[in-house]
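Values below: every heavy atom of this structure, side chains too, minus hydrogens, waters and symmetry copies.
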Amino acid sequence: DVQLQASGGGLVQAGGSLRLSCAASGLRRPDYGIGWFRQAPGKEREGVSCIRPSDGSTYYADSMKGRFSISSDSAKNTVYLQLNNLKPEDTAIYYCAVETFYYCSQHGFPGLFDYWGQGTLVTVSS
């Protein structure tokens, strides 16, 4: 089975940075997308970014472009999300997830992702 472990969250001041990690295991499919989502208190889960390791394609929610960056390390079976210039409204639980059909083309839809990690909490103070 597929297991995902998100880590790297914490408490930072506005304007600070964090790097989140998503370690994957048991993923033996030839192609897939790994996405990051976040869910703020009282809000619905929203797509943040996605990467297709097979060709390196990356995708971002429009509001995240220029501040967030996704990357992958195939040797470590790990995907990273670099969060820069954090704002209080970025406070949320950040989840990584895998989907094996759309390959990030529908990265903004959490219902289309097959496997989920437990998430890591990012708190940005003002």
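Here the straight-line distance linking atom OH of Tyr60 with atom SG of Cys104 works out to 10.5 Å at 0.5 Å rounding.
With hydrophobic clusters built from ILVMFWY side chains whose heavy atoms lie under 4.5 angstrom apart, Val12 shares a cluster with Leu81.
In terms of modelled atom types and a separation under 3.5 Å, the side chain of Gln3 and the main chain of Gly26 share no donor-acceptor contact. Without hydrogens or angle criteria, Thr91 side chain to Val124 main chain gives a donor-acceptor distance under 3.5 Å. A donor-acceptor pair is defined here as one N or O able to donate and one able to accept, closer than 3.5 Å; such a pair exists between the side chain of Ser49 and the backbone of Tyr59.
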Could you go through residues 111-119 and list every donor-acceptor pair under 3.5 Å that involves a side-chain atom there, pairing it with any protein atom two or more places apart or in another chain?
residue, atom, partner, partner atom, Å
Asp114, OD2, Thr100, N, 3.0
Asp114, OD2, Thr100, OG1, 3.2
Tyr115, OH, Arg29, NH2, 3.1
Trp116, NE1, Phe113, O, 3.4

Exercise. Going through the distances and angles, do Leu83 and Arg67 end up as a side chain to side chain contact (heavy atoms under 4.5 Å, CB included)?
Worked result: CA-CA 6 Å; Leu83 310 176; Arg67 292 197 301 129; over 6 Å; no
Problem set entry | side chain to side chain contact (heavy atoms under 4.5 Å, CB included) between Gln82 and Ser17, worked out | CA-CA 7 Å; Gln82 180 69 38; Ser17 298; 3.9 Å; yes
For this session: Take Asp73 and Thr78 through the test side chain to side chain donor-acceptor pair (under 3.5 Å) and record every step on the way to the result.
Result: CA-CA 5 Å; Asp73 185 335; Thr78 300; over 6 Å; no
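For the pair Arg38 and Asp90, the tightest heavy-atom approach, listed with the atom from each and the gap, is NH1-OD1, 2.8 Å.
Remark: Arg19 is positioned above the aromatic ring of Tyr80, its terminal NZ or CZ atom under 6.0 angstrom from the ring centre and at most 45 degrees off the axis.
Summarising the local packing, CZ of Phe109 is surrounded by 12 or fewer heavy atoms from other residues, nucleotides or ligands at distances under 6.0 Å.
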